[in-house]
Protein chains: 4
Amino acid sequence: MAPKPIAVEQERASKRRNQVLEAAARCFRLYGFHGSSMAQLAKEAGMSVGHIYHYFENKEAIIDAIVQKDLDEWLASIQHLLNSSNIFEDMLAQLDDPIRDWLDPDYAALQIEILAEAARNAKVVAIVRASHDKIRDTVGELLRKGSSRPLTQTEIDSKFDLIGALCDGLMVRAIHSGTLDRDNLLALLRPTIRFILEY
Amino acid sequence: MAPKPIAVEQERASKRRNQVLEAAARCFRLYGFHGSSMAQLAKEAGMSVGHIYHYFENKEAIIDAIVQKDLDEWLASIQHLLNSSNIFEDMLAQLDDPIRDWLDPDYAALQIEILAEAARNAKVVAIVRASHDKIRDTVGELLRKGSSRPLTQTEIDSKFDLIGALCDGLMVRAIHSGTLDRDNLLALLRPTIRFILEY
Amino acid sequence: MAPKPIAVEQERASKRRNQVLEAAARCFRLYGFHGSSMAQLAKEAGMSVGHIYHYFENKEAIIDAIVQKDLDEWLASIQHLLNSSNIFEDMLAQLDDPIRDWLDPDYAALQIEILAEAARNAKVVAIVRASHDKIRDTVGELLRKGSSRPLTQTEIDSKFDLIGALCDGLMVRAIHSGTLDRDNLLALLRPTIRFILEY
Amino acid sequence: MAPKPIAVEQERASKRRNQVLEAAARCFRLYGFHGSSMAQLAKEAGMSVGHIYHYFENKEAIIDAIVQKDLDEWLASIQHLLNSSNIFEDMLAQLDDPIRDWLDPDYAALQIEILAEAARNAKVVAIVRASHDKIRDTVGELLRKGSSRPLTQTEIDSKFDLIGALCDGLMVRAIHSGTLDRDNLLALLRPTIRFILEY
DNA sequence: TATGAATGAGATTTCATTCAT
DNA sequence: CATGAATGAAATCTCATTCAT
């Protein structure tokens, strides 16, 4: 019989790849990169161990793909602010959703896992830094556009890093605090970020 | 031969235990909990693999002890502020040293490793939370003492969490940013913390 | 559509089979029987993995076919000497070409691979021995025809085995000597073979 | 309790290493380097799989050691001829034992396995060539000493290679001939080698 | 005829832990 | 107190073979 059209094949392959990535994300969240075995990934993905290797060269490649995907989504989520006419107010107004993510232990667990891997794995740290640089550029532009006065590059950098540190830090505390009171936190977070933005 | 006095024996044992913990800390910083083998720990500690099991029940116990030790040192490092007469000013003045730690990639790597483990390991998260609660109490008292007006518990909590998030977040960024400009950062960090303290 | 004539079909099939065998020979030379995967063979043959199984029952069958083919070619290459009127002189005069083969590392590698397989694989050793017996018969006849005096069967056998050993041995040395000086070797090889022939 | 004397430990370790090598030689003879699994080696050596890795870095290291050991024994077996006063006659007289080895299918199988590996494995070919060069030097000296007339280096080389080819070739034929008549073969081999030696 | 997705067994290697000495 | 030989389970990865299309 004739082989199927290429487009159909590719779509199918891409679906399978995603199937693996989603299974991997679940496993990695629960057990970490090195705590998740290929056998677990395979079971979770509903696929044989060997077949995963049709889509990914090795386990490392799955980790890389997960990290890349996660950062891409992050980057995409701030792009729309570039078109805002009142950037700072929009940022502050839309703080709720990201905060929900950062304080979600599942989400936080994967972020921390990525960080821990980045601390020792050259390939992963390269991926993280490349994305981070893009985010820095994007947010830098947001800060410049939204500011009421001209900012030097070092001012932009320190504002970016401090706001970033607040976000990352909340994520960290989502893990080691028993429970955080989100509303209570937001009540102080908002004025603090405004303070930094307008400093 | 006459048996040695018990006190001497115990001191010796305690020394050996620390020898292991210090070796473990070095390994864990470099390779992570799961990337460090017992053989590596033994080599680094100048001791046989089997002998480590005289001092620690298993690898897990070493991890627990490292985590506990790290948090104890953290806690100890803020105790002296309780006796200060001008708490906020002292805190801000003494920000340099901790910042140096947080931005040190080696130090940061171990903290992240602990966090990642805490995200999945019930015993470790219990240790971290117990210490965290003590720190929360101590810092809470500092905030109460140092504040110019009476604070509600929720106010104290949010201030603590936000300042804590800033610290933790800087550590995170020490890993995924290439290099951070410490002085530039401090120039904005100090007023931001002051803002939170005095809010 | 009308089915194609059977002969055409068969010729096509035979072509495809050879395509696989030639690809296999290339792979086996480079990586050995067990170092070549079916995926490699398929790629080299410009054919899908699954399709190879239309022409060969399994990998073993490909190995068998390669071995058979190689020996058949060997056998064919000495047939024409049977018609020679001056057998020994023709043999000695035509020594150059086979020597070139035996000293060619690529050629030698496949022969050794076949031998190594024969040492452990009953089917392969059977194929090799069957061919070997035919070669023994053919060369035996050459020796009888070319000899100036009547030879006993044991004399023929030992002459055959010793000349054969010289050829096989040169091949072996092509692998483990860095480089052999072919001309230098021929200068002594020719009189030695003549010595054996005329003994 | 006090640790044992180092010498005793080392002897024990060396014994264990040999235990592995002997088991490996048996397996490799029967199933080849790549046909023998670490599990088989372990079983044959009466040792757990993991423990083999205390003595050898990996499977490759075992192969290398086997190859080296085999060649060392070969080299040792010809050293005593250097002290002979009638080298050629001694060589011819002592031909029986080596011939027995070369025609032993078990012995031959391992040699062929080594060759096949050498044809593709850079490390193994280096080991083989290094030993081969030593053998060439030793035999070269034997040829020079035993010869009745002065020999050029190229003459020595071709004599060495041709005699070597005869030996290697007999080994090859031990595998692919059903059975060889050793006495019959020797009756022709001896004069042939004498012919080469005295050419 | 032709594809390549899919499987699952098996290979090498690592490592926490135990135990005889 | 001290060693490191020894185990065995589990991890990653490869590959011959099958099968739906």
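Lettering of chains follows the sequences in order, A, B, ..., and the numbering in each one begins at 1.
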D:Ser48 has a side chain; which of E:dA2, F:dT7, E:dT17 sits nearest to it?
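Per side-chain heavy atoms of D:Ser48, the pick is F:dT7.
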Step-by-step side-chain contact (heavy atoms from CB on, under 4.5 Å) determination, D:Arg129 to D:Val125:
CA-CA 6 Å; D:Arg129 290 210 175 142; D:Val125 84; 4.0 Å; yes
Interatomic distance where CE belongs to C:Met38 and C1' belongs to E:dA6 [whole Å]:
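The answer, rounded to whole Å, is 16 Å.
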Write down the distance between CD1 (C:Ile63) and P (F:dT17), rounded to a whole number of angstrom.
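Rounded to the whole Å, the gap is 10 Å.
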On DNA chain E, compare the nucleotides closest to B:Ser36 and C:Gly50; which residue's is nearer the 5' end?
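The answer here is C:Gly50.
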Return whichever of B:His51 or C:Gly35 has its heavy-atom-nearest nucleotide of DNA chain F closer to the 5' end.
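The 5'-side residue here is B:His51.
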Scan every strand shown for a Watson-Crick or G-U wobble partner of E:dT3, both distances under 3.5 Å, and answer none if you come up empty.
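Across all strands, the one nucleotide that pairs with E:dT3 is F:dA20.
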From C:Ser48 atom OG to C:Tyr53 atom OH, the distance as rounded to the nearest 0.5 Å:
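Nearest 0.5 Å value for the OG-OH distance: 11.0 Å.
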Most 5' of B:Tyr55 and C:Glu57 on DNA chain F, judged by nearest nucleotide
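The residue closer to the strand's 5' end, by nearest nucleotide, is B:Tyr55.
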Does the pair C:Arg120/D:Glu113 count as a salt bridge with the N-to-O cut at 4.0 Å?
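Yes.
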What is the distance, rounded to the nearest whole Å, between atom NE2 of D:His54 and atom C1' of E:dT17?
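Roughly 12 Å, once rounded to whole Å.
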Which is more 5' along DNA chain E, the nucleotide nearest B:Val49 or the one nearest A:Val49? Just name the residue.
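Mapping each residue to its closest nucleotide by heavy atoms, the 5'-most match is A:Val49.
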Rounded distance (Å) that lies between atom C1' of F:dA5 and atom CZ of D:Arg17
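From D:Arg17 CZ to F:dA5 C1': 16 Å.
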Provide, to the nearest angstrom, the distance between the OH atom belonging to A:Tyr53 and the P atom belonging to E:dG8.
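To the nearest whole Å, that distance equals 16 Å.
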Among F:dC15, E:dT17, E:dT13, find the nucleotide with the atom closest to the side chain of B:Lys59.
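The closest nucleotide is E:dT17.
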Grab the CG-P distance between D:Leu41 and E:dT13 for me, whole Å please.
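Computing the D:Leu41:CG to E:dT13:P distance gives 11 Å.
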Please tell me if B:Arg12 has a side-chain N or O lying less than 4.0 Å from either OP1 or OP2 of F:dA2.
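B:Arg12 to F:dA2 OP1/OP2: side-chain N or O found under 4.0 Å.
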What is the separation between atom CD1 on C:Ile52 and atom P on F:dC19, rounded to the nearest whole Å?
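The distance from CD1 of C:Ile52 to P of F:dC19 comes to 18 Å, rounded to the nearest Å.
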Find the distance A:Arg16:CZ to E:dA5:C1' and express it as a whole number of Å.
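Spelled out: CZ on A:Arg16 to C1' on E:dA5 is 8 Å.
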Look at the rings of A:His54 and A:His51 and say which category their plane angle falls in: under 30° parallel, 30 to 60° tilted, over 60° perpendicular.
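Tilted, since the angle between the ring planes falls between 30° and 60°.
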We want to know whether B:Asp72 and B:Gln68 form a side-chain donor-acceptor pair, criterion being a heavy-atom distance below 3.5 angstrom.
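Per modelled atom types, B:Asp72 and B:Gln68 side chains form a pair under 3.5 Å.
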